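Structure, as structure tokens:
For ligands, and for the atoms within them, numbers begin at 1 and follow the listed sequence. Bear in mind the structure is a predicted one, so any value in this text is a computation, not a measurement. Quick note: numbers below take in every heavy atom, side chains included, and nothing from hydrogens, waters or symmetry partners.
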Amino acid sequence: MAKLGVLLLNLGGPDKLEDVRPFLYNLFADPEIIRLPSPLFQAPLAWLISTLRAKKSQENYKKIGGGSPIRRITEAQAQSLKLQLQQLGQEANVYIGMRYWHPFTEEAIAKIKKDAIEELVILPLYPQFSISTTGSSLRLLDRLWQRDPELQKIKYTVVPSWYDNAIYLQSMANLIAKTIDKVKNPQAAHVFFSAHGVPVSYIEEAGDPYQKEIETCAALIMKTLNRTNPYKLAYQSRVGPVEWLQPYTDNAIKELAQQGVKELVVVPISFVSEHIETLEEIDMEYREIAEHAGIETFARVPAPDIDPIFIQSLADVVVHALGDRRISFSETIQPQKNTKLYPQERWEWGMTQSAEVWNGRLAMLGFLILLLELWLGRGQILN
Ligand SMILES: C=CC1=C(C)c2cc3[nH]c(cc4nc(cc5[nH]c(cc1n2)c(C)c5CCC(=O)O)C(CCC(=O)O)=C4C)c(C)c3C=C
Ligand SMILES: [Fe+2]
Ligand SMILES: [Fe+2]
């Protein structure tokens with residue numbers, strides 16, 4: 001039997017407060033998150049945004065204990081998945097490749113090579129596909145594969161998304177049902193799905209299937225839940241000035257409160273582990289907004305973490321991937337090279353007058369920042 005590996009992909013998060021700025025730098029240096037007319041400006045802009053955002057972001061990480069729990073939880077998920085696969089008679093090493101912080105994807109690949117893995121299932125810990133998450137990790141892996149003949153010998157397959165896996169839907173439905181049963185009036189409670197947002201341009205210009213997969217996933221979870229509670233889907237975590245997917249979570253909460261809704265059962269739908277977006281943004285920021293708006297119960301459904309049924313669903317996805325036709329990096333969705341991605345919807349492409357003005361200004365700004373960055377010796381470029 002071939003030596004099997006499972007590579008779990010996730011975003012990663014700062015382990016401590018000093019990691020916040022370089023973590024943000026790595027995130028904003030990713031052309032799948034921000035794409036500029038010229039790659040020359042990518043590093044200076046990432047440096048600028050990460051430096052400007054670091055303080056506010058650090059304050060938020062301070063509120064949840066001074067760092068992200070995403071690494072610890074993902075490691076526990078990896079261990080549980082290994083045991084679950086073992087129970088199914090499938091021996092496998094499980095690796096973790098984070099996109100923007102330790103353990104980086106490159107570190108996981110080095111281990112996979114060292115362990116002489118012959119067959120690999122690449123499983124993103126994002127149930128729904130987005131160019132900004134799974135897509136970004138797959139593009140990085142594709143680049144690593146293209147330049148390494150040793151990696152090219154591995155028989156790999158990619159799971160682009162698994163939001164419709166029946167066991168995953170059951171695990172989400174169970175977690176929701178348990179929370180519903182604890183509120184004052186379980187029949188009337190409003191199930192409120194909050195998904196991480198993406199800029200509208202990802203969907204409309206780059207063809208990101210994210211919104212469709214999130215909407216379908218919420219509907220499938222409600223079908224599996226099999227209760228008559230009303231539900232609503234909204235998008236959180238907007239960054240920057242451009243339009244993101246709507247309705248925004250804060251506005252949707254206020255609207256429901258205005259309609260007289262008193263009890264919300266809040267489901268973090270695009271996340272499979274607790275981290276800053278659930279522990280700080282939902283549990284603190286949105287809870288406060290809800291209470292101000294007159295919502296009496298704000299009951300948050302826990303992220304799946306190492307819920308046994310959830311771990312069974314990951315194992316099920318792996319087993320199916322091994323039996324199904326193999327999927328390569330090139331078959332997954334990739335934006336065109338010149339696709340507009342966050343944040344430049346308002347900029348124009350080509351040699352229009354406004355583009356030239358913007359390019360000139362950006363070139364100046366980029367050059368100054370680059371000098372400053374070199375002078376300060378800061379920044380941490382990954383690829
Ligand atoms: C499905 C999940 C996610 C999508 C889609 C996504 C898109 C996306 N995110 C940013 C900017 C930031 N994201 C940040 C943190 C963060 N994002 C996700 C997931 C998705 N992001 C997670 C799990 C986390 C938490 C990591 C952790 O610390 O545990 C942050 C940093 C936090 C902050 O400063 O607010 C930023 C910034 C963009 C721009 C984007 C799509 C274009
Ligand atoms: Fe994010
Ligand atoms: Fe956030």
Under 2.8 Å from the Fe ion (ligand 2) - protein N/O/S, by chain and number: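 Listed by chain and number, the nearby protein N, O or S atoms are H196 NE2.
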side-chain contact (heavy atoms from CB on, under 4.5 Å) assessment of Y163 paired with F129: CA-CA 9 Å; Y163 63 92; F129 183 97; over 6 Å; no
Could you tell me the separation between the [atom1] atom of [X] and the [atom2] atom of [Y], rounded to the nearest 0.5 Å?
X: L17; Y: F23; atom1: CG; atom2: CZ; result: 13.0 Å
X: K178; Y: D307; atom1: NZ; atom2: CG; result: 6.0 Å
X: L88; Y: L83; atom1: CG; atom2: CG; result: 11.0 Å

Ring geometry between H196 and W244 (parallel below 30°, tilted from 30 to 60°, perpendicular above 60°):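 Answer is tilted, since the angle falls between 30° and 60°.
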Proximal candidate to atom 17 (N) of ligand 1 [heavy atom criterion; set K56, R99, H196]: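 Comparing heavy atoms across K56, R99, H196, the nearest one to atom 17 (N) of ligand 1 lies in H196.
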Of the listed options Y202, Y126, W244, F271, closest to atom 40 (C) of ligand 1 (non-hydrogen atoms):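 Looking at heavy atoms only, the winner is W244.
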Linked, directly or transitively: Y95 and W145 (ILVMFWY side chains, under 4.5 Å): yes
Proximal atoms of ligand 1 relative to V198 (non-hydrogen, under 4.0 Å): 5 (C)
Atom indices of ligand 1 within 4.0 angstrom of L24 heavy atoms, with elements: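 Going through ligand 1 atom by atom, the ones under 4.0 Å from L24 are 31 (C), 34 (O), 37 (C).
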Proximity of A195 to ligand 1 by residue part, where a heavy atom lies under 4.0 Å: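 For A195, there is no contact with ligand 1 at all, from either part.
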Mode of L27 contact toward ligand 1 - side chain, backbone, both, neither (heavy atoms, under 4.0 Å):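 The part of L27 near ligand 1 is the side chain, not the backbone.
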Could you say whether the N/O atoms of [X] and ligand 1 ever approach to under 3.5 Å?
X: R53; result: yes
X: S68; result: yes
X: S57; result: yes
X: S270; result: no

E274 and T278: side chain donor to acceptor below 3.5 Å: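 Yes.
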Polar side-chain atom of D30 near backbone of E32 as donor-acceptor pair, under 3.5 Å: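 Side chain of D30 to backbone of E32, a donor-acceptor pair under 3.5 Å: yes, one is there.
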Electrostatic pair K111:E107 at N-O distance under 4.0 angstrom: no
Test: R238 cationic atom under 6.0 Å from Y248 six-membered ring centre, within 45° of axis: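 Yes, a cation-pi geometry holds between R238 and Y248.
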